[in-house]
Student: 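My structure is below; once you've seen it, I'll send some questions.
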Amino acid sequence: MTEATTPTNFIRQIVAADKASGKHAGKVITRFPPEPNGYLHLGHAKSICLNFGIARDYAGTCNLRFDDTNPAREDIEFVEAIREDVRWLGLEWAEQRHASDYFEVFYRCALKLIADGKAYVCDLDAEEVRAYRGTLTEPGRNSPYRERTVAENLDLFQRMRAGEFEDGARTLRAKIDMASGNINLRDPAIYRIRKQAHQNTGDAWPIYPMYDYAHCISDAVEGITHSLCTLEFEDHRPLYDWCLDQINLPAHPELAESIVAAGLSYAPSRPQQIEFARGNLDFTVMSKRKLMALVQDRLVDGWDDPRMPTLTGARRRGFPAAAIRLFWERAGISKQNSVIEYGVLEGCVREVLDATAARRMGVINPLRLVLQNLADDHIEVLDFPNHPKDEAFGRRNVQFSRELWIERDDFLEEPIKGFHRLVPGGEVRLRGAGIIRCDEVVKSATGEVIELRCTLDADTRPGGSGADRKVKGTIHWVDARSAVAAEVRLYDRLFDVADPDDDTDGKTYRDHLNPGSRRIIRAWLEAGLAGAARESTWQFERLGYFVADRHDHAAAAPVFNRVVTLRDTWVKPAK
RNA sequence: UGGGGCGUCGCCAAGUGGUAAGGCACCAGGUUUUGAUCCUGGCAUUCGCAGGUUCGAAUCCUGCCGCCCCAGCCA
C-alpha cells in the first residue's frame with residue numbers, strides 16, 4: 001500500500017546485526033504465539049505485524065504457535081478463529097504448531113533438570129508456596145522439600161506424570177534462588193498437576209508445564225531466533241535464559257525424539273527474548289476480561305460487533321486489513337508505554353479506502369426534492385466515473401428523474417454563516433446533474449420541511465454550455481424512483497472518554513459507554529448497491545465509507561455499515 | 001522498603017558524543033462538480049529536572065522527580 005520509509009526500531013537493529021554477524025547462521029525465525037482462549041484484537045495485530053513483518057523483511061519465516069499449556073482456559077473454537085483472523089490480516093505462517101506438540105519434549109527436559117539437580121518436586125500447597133515466597137521487599141525461604149534427592153525427585157515426578165496424585169498436590173519447581181530480587185527466580189513452578197482433558201492431547205497428560213518453562217523450550221524447538229514479547233515479560237527473561245541454558249536443547253537431540261518421530265521439522269536454536277511495548281488505543285478497552293464482559297453482558301452484539309476492537313469486529317466494521325497493517329507500521333515499535341490516538345487508525349482506514357473504494361451516492365437522512373421544470377415521466381441516465389482519480393474503476397449509469405432524495409442536512413431554511421448548500425431561493429449543484437434553484441419550501445402541518453420544489457438548469461451539467469458556472473456547493477442525491485431502501489448502521493466510538501480504563505473517579509468503563517455508538521437508520525441508495533458483494537466497501541460521496549455487512553447484507557434487503565466518515569474540515573459556527 | 005523498565009512537539013517515533021528525522025494532528029495557501037482526495041508552506045534554539053565531564057551532550061557521569069511492570073500451581 002503506502003510505500004513508507006522502512007521502519008527502524010531497536011528490534012530490527014538487533015535482528016539486522018545478528019544477521020550480519022552470522023548468528024543463527026544468518027537465519028531469522030519468529031513466531032506469533034497466542035493462547036487459544038479468546039479472540040484476537042488490535043493489540044494482537046501489533047505483535048502479528050511485528051513478527052511477520054520482521055520475518056518478511058529479513059528473508060526469514062514466522063510460525064503460528066498456539067500456546068496451549070493450560071487446558072482449563074482454552075478451547076478448540078478459538079484455534080480456528082485465530083487462524084482465520086491472521087489469514088484475514090493477510091499474513092502467512094510458515095508452520096502452525098502447538099506448545100502441546102512438545103509435551104513429551106518438556107517432560108524429558110524436566111527429567112534432565114531433575115537429574116542435574118536443577119529441579120525438585122515440592123509438596124507445598126499454593127498457599128504455603130505463597131508464604132515461602134516472601135514479598136517484593138523480603139526474600140523468600142527455601143521449601144522444606146528443596147533438598148530431596150535426585151532419585152526421590154525422579155520417582156515423584158514420574159508418578160506425577162503417571163497420574164498418581166491429585167490436582168495441586170505437588171509441583172515441580174526449578175531450583176534457583178529463593179532470595180532473588182526477581183520473584184520469578186524464587187524457585188518457580190514449572191509443572192503442575194491438572195487432571196483435565198486437553199483439546200489437543202486428550203487425557204494423555206495429567207501434568208501441564210507452566211508458561212515460562214514451556215515457552216522458551218517451544219521457541220528453541222522451533223528454531224526461533226528472536227522471541228518477541230511484551231514488556232511485562234522483561235522480568236521473566238532471566239528465567240527464559242536459565243531454562244534454555246540448563247537444558248541446552250541443541251546439544252541433546254535425544255530430548256526431542258518425539259518431535260522427529262511425529263514428522264515435524266526440527267532444527268533447534270538458542271533464541272533471544274526481546275520485549276516491546278504493547279499497543280494501546282484511546283477510546284477503547286483491550287483487556288480480554290473487559291471485552292468478554294461486553295459480550296456476555298450484551299453491551300455489544302458479540303465478538304464481531306463492528307464497535308469491538310477485535311479483529312473480527314474490525315473486519316465486520318469494514319476496516320481493511322491493509323489499514324490495520326499500515327496503522328501499526330505507522331505507530332512504530334518501542335519500549336515506551338503509549339496510547340495511540342484512535343484518529344490515527346481512522347486516518348489509515350480513510351487512506352486505504354480512498355484508493356480502493358468505488359464511489360456511489362446514497363442519502364442517509366432523506367428530504368424529498370422535486371424538479372418542477374421536468375416532466376412527470378422524465379427519466380434519463382447519467383454517466384458517472386466510479387472514482388475521481390482512478391479511471392481503472394470505470395464508469396456507471398445513474399438514473400435521474402423529476403423526484404430525488406437529498407440530504408436533509410444539505411438544506412437550511414435559515415442559512416448560517418459559511419453554509420455552502422441549499423437555501424430558499426439559493427442555488428446549489430447536484431452532483432453530475434446540474435445546478436438547481438430552490439423555488440419553494442413545502443412544510444407539514446407541524447412546520448416540518450417535507451419537500452423542496454426546485455428548477456434545474458440542465459445546461460450546467462458536465463459537458464453542457466454552462467458547466468463551468470460557479471456555485472458554492474455541490475450536494476449528492478439519489479433518484480427517488482429507482483433508489484433502493486437499505487438499512488444503514490452508523491457506528492461511532494464505543495466509549496465517550498479517551499481512557500475508559502481509568503476508574504480513579506469511581507466510574508468504570510461501563511459508565512463510559514457511548515450511547516450513540518450505533519444508530520440504525522433507513523437510507524436510500526443508488527440502485528446498483530443492492531447487488532454489492534458482502535464485505536465490499538464503497539464511498540458514499542460526502543458521507544463516508546460503507547461496507548456491505550458481512551452477514552446481514554442481501555440484495556433483497558441491503559445492509560451497510562458505516563466504516564468511517566470522511567474527514568470534515570468545515571468548522572460549523574457555534575450557534 | 002526489593003527487582004526490572006521507561007521519560008525527545010498535542011499523539012506516536014528516529015536519534016547510539018558533532019550541534020533535534022519522519023508520520024499523525026494542527027495552522028496557512030493552491031487545485032477540486034465530494035467542505036473529501038491531492039499539492040505547497042508552517043509547526044521542538046530544545047530532549048523529565050538539577051549538577052558534572054567535554055572544544056562540543058538528547059546521547060557519558062552523579063543526584064533527584066515522574067510513570068509502568070513483578071509476590072498465579074495464568075499466559
Side-chain angles (χ1 to χ4, degrees), chain A residues 4-5 7-10 13 33-35 37 67-70 72-74 122 124-126 129-130 133-140 167-173 179-186 188-194 207-208 210-212 214-215 229-238 275 277 279 282 288 329-344 347-348 350-351 354-355 359 361 387-389 418-421 429-435 460-462 467-476 539-544 565-571:
Chain A
T5 51
T8 168
N9 60 56
F10 74 102
Q13 287 174 2
E35 181 184 17
N37 70 342
D67 226 336
D68 54 352
T69 56
N70 186 354
R73 293 158 41 109
E74 298 151 8
C122 181
L124 258 23
D125 66 29
V129 167
R130 197 180 316 129
R133 186 156 35 225
T135 68
L136 291 178
T137 54
E138 299 161 304
D167 281 11
R170 298 181 215 266
T171 55
L172 181 69
R173 292 227 257 166
S180 173
N182 182 346
I183 290 175
N184 294 116
L185 262 22
R186 316 242 264 230
I190 58 179
Y191 263 100
R192 76 282 221 182
I193 301 172
R194 280 283 175 285
I207 55 173
Y208 291 95
M210 299 291 289
Y211 165 84
D212 287 302
H215 201 91
C229 63
T230 43
L231 251 27
E232 67 270 26
F233 292 103
E234 282 180 313
D235 287 346
H236 297 239
R237 193 184 339 126
E275 310 84 11
D282 63 9
K288 204 163 273 184
E329 186 180 300
R330 214 163 251 188
I333 298 292
S334 77
K335 299 188 73 159
Q336 293 186 55
N337 289 314
S338 60
V339 181
I340 304 161
E341 293 169 342
Y342 195 82
V344 177
C348 292
R350 291 188 184 107
E351 188 166 322
D354 178 57
R359 311 291 124 124
M361 292 196 287
H387 191 106
K389 287 181 295 188
F419 189 71
H420 289 178
R421 285 103 98 153
R429 186 183 298 276
L430 285 182
R431 182 105 230 243
I435 294 171
T460 56
R461 68 176 45 163
D468 291 336
R469 216 177 100 203
K470 293 284 184 216
V471 285
K472 278 185 297 184
T474 298
I475 64 174
H476 59 278
Q539 183 193 102
F540 292 0
E541 294 205 23
R542 302 210 305 132
L543 295 178
T565 60
L566 255 30
R567 204 163 80 98
D568 182 4
T569 53
W570 181 44
V571 278

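All of these numbers come straight from a predicted model, not from anything done at the bench. So that the names make sense, note that chain A is the first sequence line, chain B the second, and so on, each numbered from 1. When reading the values below, keep in mind they use all heavy atoms of this one structure, side chains included, and skip hydrogens, waters and symmetry mates.
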Student: Using the C1' atom on both, measure B:G17 against B:C70 and round to a whole Å.
Tutor: 35 Å

Student: When rounded to the nearest 0.5 angstrom, what distance separates CG in A:D167 from CZ in A:R194?
Tutor: 5.5 Å

Student: Return the nearest nucleotide to the side chain of A:T569; candidates are B:A36, B:C68, B:G10.
Tutor: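 Comparing B:A36, B:C68, B:G10 against the side chain of A:T569, the answer is B:A36.
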
Student: Give a yes/no on whether any side-chain N or O of A:Q336 is located under 4.0 angstrom from OP1 or OP2 of B:C67.
Tutor: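 Answer is no, no contact under 4.0 Å.
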
Student: Nearest-nucleotide wise, let me know which of A:D468 and A:V339 is further upstream toward the 5' end of RNA chain B.
Tutor: A:V339

Student: Quick one: look up who B:A36 pairs with, Watson-Crick or G-U, both distances under 3.5 Å, and put none if it's unpaired.
Tutor: none

Student: Under 4.0 Å from OP1 or OP2 of B:C26: is there any side-chain N or O of A:R567 that close?
Tutor: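 For B:C26, OP1/OP2 do have a side-chain N/O of A:R567 under 4.0 Å.
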
Student: From CG of A:L231 over to P of B:G3, roughly how many Å is that when rounded to an integer?
Tutor: 19 Å

Student: Given 3.5 Å as the limit, does a donor-acceptor pair link the side chain of A:N9 with the main chain of A:S334, or not?
Tutor: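 Checked: no pair found.
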
Student: Can you tell me how far C1' in B:G15 sits from the matching atom in B:U8, rounded to whole Å?
Tutor: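 Roughly 9 Å separates the two C1' atoms.
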
Student: If I pick the C1' atom on B:C65 and the same atom on B:G51, what distance separates them, to the nearest angstrom?
Tutor: 14 Å

Student: Verify the stacking flag for A:Y211 against B:A75: centroid separation must be under 5.5 angstrom and the ring planes must differ by under 30 degrees.
Tutor: no

Student: Report the residue (A:D212 or A:E234) whose heavy-atom-nearest nucleotide on RNA chain B is the more 5′ of the two.
Tutor: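 Looking at RNA chain B, the more 5' nearest nucleotide goes with A:E234.
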
Student: CZ of A:R73 versus C1' of B:C74: gap in Å, rounded?
Tutor: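 It is 4 Å, rounded to the nearest whole Å.
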
Student: Stacking check: are the rings of A:H420 and B:G35 less than 5.5 Å apart at their centres and under 30 degrees in tilt?
Tutor: yes

Student: Base, sugar-phosphate alone, or nothing: which one does A:L124 contact when heavy atoms must sit under 4.0 Å apart?
Tutor: base

Student: Does the B:U1 base have a donor-acceptor partner in the side chain of A:E138 within less than 3.5 Å?
Tutor: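 Donor-acceptor pair under 3.5 Å: no.
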
Student: Considering only the C1' atoms, how many Å lie between B:U53 and B:A20, rounded to the nearest integer?
Tutor: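 The same atom, C1', in both gives a distance of 22 Å.
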
Student: Any donor-acceptor pair under 3.5 Å joining the side chain of A:R461 to the base of B:U33?
Tutor: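 No such pair is found, so the answer is no.
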
Student: For the residue pair A:F419 and A:W570, does the interplanar ring angle fall in the parallel (under 30°), tilted (30 to 60°) or perpendicular (over 60°) class?
Tutor: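 Taking A:W570 first and then A:F419, their aromatic rings sit tilted (interplane angle of 30° to 60°).
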
Student: What's the gap between B:A71 and B:G52 when it is taken at their P atoms, as a whole Å value?
Tutor: 42 Å

Student: Using 30° and 60° as the class boundaries, would you call the ring planes of A:H236 and A:F233 parallel, tilted or perpendicular?
Tutor: perpendicular

Student: Going by modelled atom types, is there a donor-acceptor pair between the base of B:G3 and the side chain of A:D235 at under 3.5 Å?
Tutor: yes

